Structures are given as C-alpha cells and as structure tokens.
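Because the structure is predicted, anything quoted here is derived from the model rather than measured.
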Amino acid sequence: MLDKQGFYQLLDSHNINYESIEHPAVYTMEEIFSFQIPHTEHIVKNLFLRDDKKRNYYLVIIAGTKSVDLRSLSETIPSRKLSFASEKDLLELLRLEKGHVNPMGVFNNTQQNVTVVFDKDLVGQKMGIHPMENTATVFLEFEDVKALITAHGSSIVMCDVD
C-alpha cells in the first residue's frame, strides 16, 4: 500500500523534482486556500466518482478552481450516469479517506478498476496534490504524475472537463 512515506520514496526513486509544503489537515479547497501557502493556483481538485451501476469508478482531477458538470462529463468520457462514490468505496478501492484523495491513490487500487480522468487544462502545468494524506501539498509537474500512473498500468482518460 502506498502511504505518505512511500509516496515520497516513489518520487525520489524516479528522480522527480517536487516541492512539499506541510500544513494542518484540510478537507476542502477553501481550507487549503485559507492557509495562504505558495502556488495555490496549481492545487488540483480530486473527485472520486462511480457510474449508476457501480461497475465503473473514476478518479477525476481538475484545477482547484473548476467545477464539474457530471452529466456533461459522463458524455465526454463516456460513462453511464455519474455520481460521487461512497467513503466506503474510496477506502476499499483506493485505501484513502475523505480529504486524502489524490491521483496517486490508484497505486493502491489492486484491481486496477479505477480510471484516472485528467482535465486537458492540466497538461504542461504544475500540480499541487496531497501525498496520500491531507497534511501536506506536493507540487510537481503534470507530466511526471501522468507518467507514474501510466507506468503503474492504470487507465487514463484525457478530456476537456467543463
């Protein structure tokens, strides 16, 4: 299971440059923005979604200031009707708790049945993500995150998220 220490070891073993900023635990974008840490414009929002039959799960990563129209997204990726997955599903599939969600959570998805959906707006950008828990934010390049997830064998969809 990938945890905070393993997260940093993974980045270091792949010689990925990053900046880590420790902060109190946060559960919302508003909380993280209130701490006035540097680079908040690069912090992403992570949504753990499922289809209405609970057959397909998606980890959607978008800019922290964006919102998502789930109906539009379901047509874009394509999927059946989407809704938020339960905290039970989050723990079972990604071994993460609410507030700790980040793209690297798919490393804990042993069934590899979670598709990672990245907003195309993130390409070429720096990303701020939690290192498996919400007491720090790590800033690194989108391409590095995508390469790690691809190498892990998880499915990735790139799309325009409105």
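- Two rings, from F139 and H42, have their centers 6.0 Å or more apart.
- Rounded to the nearest 0.5 angstrom, T150 OG1 and K146 NZ are separated by 5.5 Å.
- Shown here are the side-chain hydrogen bond (donor to acceptor under 3.5 Å, both in side chains) partners of H23, two or more places apart in sequence or in another chain: T137.
- T115 and Y57 share no side-chain donor-acceptor pair at under 3.5 Å.
- The distance from atom CG of N46 to atom CD1 of I129, rounded to the nearest 0.5 Å, is 7.5 Å.
- Two different hydrophobic clusters hold V106 and V157 under the rule that ILVMFWY side chains link at heavy-atom gaps under 4.5 Å.
- Inter-residue side-chain proximity for L73 and L49 is flagged as met; some heavy-atom pair is nearer than 4.5 Å.
- Using a cutoff of 4.0 Å between basic side-chain nitrogens and carboxylate oxygens, E22 and K4 are scored as salt-bridged.
- Hydrophobic clustering of Ile, Leu, Val, Met, Phe, Trp and Tyr side chains at less than 4.5 Å, counting indirect connections, keeps L122 apart from L47.
- A salt bridge links D121 with K66: at least one charged nitrogen is closer than 4.0 Å to a carboxylate oxygen.
- M127 is listed as a side-chain neighbour of F118, based on a closest heavy-atom distance under 4.5 Å.
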Verify ring-ring contact (aromatic ring centres under 6.0 Å, His included) between Y58 and F48, making sure each step is shown before the conclusion.
CA-CA 6 Å; Y58 304 92; F48 190 49; 9.3 Å; no
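- Counting heavy atoms from C-beta on, the side chains of I61 and V116 come closer than 4.5 Å.
- Salt bridge status for K81 with D51: absent, with no side-chain N to carboxylate O gap under 4.0 Å.
- Cluster membership for M132 and L148, using ILVMFWY side-chain heavy atoms within less than 4.5 angstrom, is shared.
- The heavy-atom pair separating I37 from T40 by the smallest distance is O-CG2, 3.1 Å.
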